[in-house]
Amino acid sequence: MIKVESLSKEYVLRHQTASNYTALRDVITERAKNLLRSGPKETKEKFLALNDISFEIKTGDRVGIVGRNGAGKSTLLKVLSRIVTPTKGRITIDGRVASLLEVGTGFHPELSGRENIFLNGAILGMSKQEIKAKFDEIVAFSEVERFLDTPVKRYSSGMYVRLAFAVAAHLDPEVLIVDEVLAVGDAQFQKKCLGKMEDVSKSGRTILFVSHNMEAVQRLCNHGLLLERGRLVHSGSMEETIKEYLENRTNDVMRFDLSRHKCEMQGYAKAHQLRVLNGKHQDVTELIIGEPYIIEIELEIMQPIEKFVAAIGISTLLGQPIRTTWSYPNDIRPGKYIARFNSDDIVLTGGQYKLTVGLSSQGRNFQYIDEAGELVISEVSAFADNPQIINTKSGLLINQFPVEIVPM
């Protein structure tokens, strides 16, 4: 169905050096100076989003594409969808392709939901009669019947995705390509979409699915592709691919730079670094079962904040939450602080866990980092038979105030 040979996609990144001016007179003065010179200094850098990728997908395969952020997953789907032109390489696709890559892809914002259904069908090469035959089914699945004659630019992101997915899945494409966009919908909608994709695959059509939800990928897909920095590093069964992906996520030490993450409310608070230490406050590559551990977050408070809260979440790498814990809401002054969590009351089984960091005040989010770092616990330990061990498939544990915030 799909054959990819030596595929590469190169982008040119342009970097421009410019000063930050805050006064209007300075901006006017600087622009006047620019009239007399060629312009700001600009440097260029080449970036390989995809690097010499080759693979084949058979008819009816359900392919899960996994990898870290920036690995090239979305770029690959855009190339396969013919949205982006490859720099080099060859792609052969036998059949019609329907893509759902981003909220808004493929819809005309000024047209109504009804008109966009017919527009998308026409783009896929379907006749008006074929689209009419599927129309009621699409509307029923999307649950936007009341707003069918409203321009889609007025839809919420959830409504947009529901209708876009319904159109892509019901108009009989030979290849269905779906990116992480399903994460926009609620849990019930995601479950409904996965069920529909399973039905589509049973009819012999081919699915390519990108997601960070390993549980969803494992449920739906029978074949996996693992990308890393633009390269295809593994191709095999979905179970093997997920295992390879999880095993290669361990860092040298459990210390993570958070400064690359964007603050949602600039100028208030920011998390700079997260680290996991053993009970002796030592940096380690992993802990052993039953060993106490400490999670610390380096914080910078830029303005006084009322009822400030720092939160830490622990979940499996498949996305199943295990524990959520946060600090007591306190007024806090500008300065540098450590938010510290001591885990002396819970024992986790061996494996890798995802850490989440959240900073907030009175319901306002300053920063939320879903994949802040990882907690690695060795399976080999004298504590392996400890009756206190809690299975990672148990429910969410909520502890209100065991995180303390202290000045650095």
Side-chain angles (χ1 to χ4, degrees), residues 1-2 4 50-51 53-58 60-77 80 100-101 175-183 187 190-191 193-198 200-202 206-252 254 256 285-286 289 313-322 348-356 370-380 391-394 396:
M1 178 59 73
I2 300 175
V4 174
L50 298 175
N51 189 357
I53 290 178
S54 299
F55 59 86
E56 290 187 21
I57 296 174
K58 298 177 182 178
D61 272 352
R62 306 180 307 279
V63 182
I65 304 174
V66 297
R68 297 187 183 190
N69 291 331
K73 306 183 297 298
S74 295
T75 302
L76 175 60
L77 294 194
L80 293 176
L100 185 58
L101 305 182
V175 180
L176 177 61
I177 297 177
V178 182
D179 203 345
E180 190 71 58
V181 67
L182 291 185
Q190 292 178 36
K191 184 178 178 181
C193 289
L194 287 173
K196 180 60 182 176
M197 286 195 284
E198 286 178 339
V200 168
S201 66
K202 289 174 184 176
T206 304
I207 293 176
L208 276 71
F209 182 38
V210 164
S211 178
H212 288 99
N213 187 333
M214 296 297 107
E215 188 174 353
V217 173
Q218 191 167 24
R219 170 185 161 185
L220 177 68
C221 303
N222 65 338
H223 187 84
L225 302 176
L226 173 59
L227 298 184
E228 188 174 299
R229 296 182 181 179
R231 290 185 175 274
L232 178 63
V233 296
H234 182 84
S235 176
S237 71
M238 198 68 248
E239 291 76 12
E240 291 173 350
T241 305
I242 290 175
K243 183 179 179 181
E244 184 78 15
Y245 171 57
L246 298 183
E247 285 181 349
N248 285 292
R249 288 169 60 91
T250 306
N251 290 279
D252 292 335
M254 290 187 285
F256 307 92
T285 57
E286 62 182 40
I289 291 177
I314 303 175
S315 64
T316 69
L317 293 187
L318 293 177
Q320 183 175 4
I322 297 172
L348 298 173
T349 56
Q352 293 170 265
Y353 301 87
K354 184 171 72 173
L355 299 176
T356 298
D370 184 38
E371 295 191 29
E374 290 172 4
L375 175 65
V376 185
I377 299 179
S378 171
E379 296 182 7
V380 181
N391 192 295
T392 59
K393 292 183 179 179
S394 63
L396 174 64

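Note that the numbering runs from 1 along the sequence shown for the chain.
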CG/Leu227 to OH/Tyr245 distance, rounded to the nearest 0.5 angstrom?
11.0 Å
Using the side-chain hydrogen bond (donor to acceptor under 3.5 Å, both in side chains) criterion, which residues pair with Arg231? Sequence neighbours excluded.
none
Identify the heavy atoms of Ser315 and Pro321 that sit nearest to each other, and give their distance.
CB-CA, 3.6 Å
Point-to-point distance, once rounded to the nearest 0.5 Å, from CD of Glu228 to NE2 of His234:
12.5 Å
Got Met1 and Val175 here, is their nearest side-chain heavy-atom distance under 4.5 Å?
yes
Could you please spell out the steps behind the side-chain contact (heavy atoms from CB on, under 4.5 Å) verdict for Thr206 and Leu176?
CA-CA 6 Å; Thr206 304; Leu176 177 61; over 6 Å; no
Salt bridge (Lys or Arg N to Asp or Glu O under 4.0 Å) filter on Glu240, not counting sequence neighbours, yields none
What's the spacing between Asp61 CG and Ile2 CD1 if we round to 0.5 Å?
9.0 Å
Derivation of the side-chain contact (heavy atoms from CB on, under 4.5 Å) call for Thr241 and Leu225
CA-CA 7 Å; Thr241 305; Leu225 302 176; 5.9 Å; no
Residues in salt bridge (Lys or Arg N to Asp or Glu O under 4.0 Å) contact with Arg229, at least two apart in sequence or another chain
none
Ser235 versus His223, side-chain donor and acceptor atoms under 3.5 Å
yes
On a heavy-atom basis, which atom in Ile53 and which in Leu232 lie closest, and how many Å separate them?
CG1-N, 4.0 Å
For a quick test of reading the model, state the closest non-hydrogen atom pair linking Glu374 to Phe256 and the distance between them.
N-CZ, 3.1 Å
Please report the closest heavy-atom contact between Leu80 and Leu208, naming both atoms and the distance.
CD1-CD2, 3.3 Å
SG/Cys193 to CG/Leu220 distance, rounded to the nearest 0.5 angstrom?
11.0 Å
Note, Ile322 side chain near Thr316 side chain (heavy atom, < 4.5 Å)
yes
dist Met197:CE -> Ile207:CD1 (nearest 0.5 Å) comes out at 6.0 Å
Atom CZ in Arg219, atom CE in Met238: separation rounded to 0.5 Å?
14.5 Å
Please report the C-alpha distance between Asp179 and Lys73 in whole Å, then the side-chain angles of each, then the deciding distance to 0.1 Å, and finally whether the side-chain contact (heavy atoms from CB on, under 4.5 Å) criterion is met.
CA-CA 9 Å; Asp179 203 345; Lys73 306 183 297 298; 5.8 Å; no
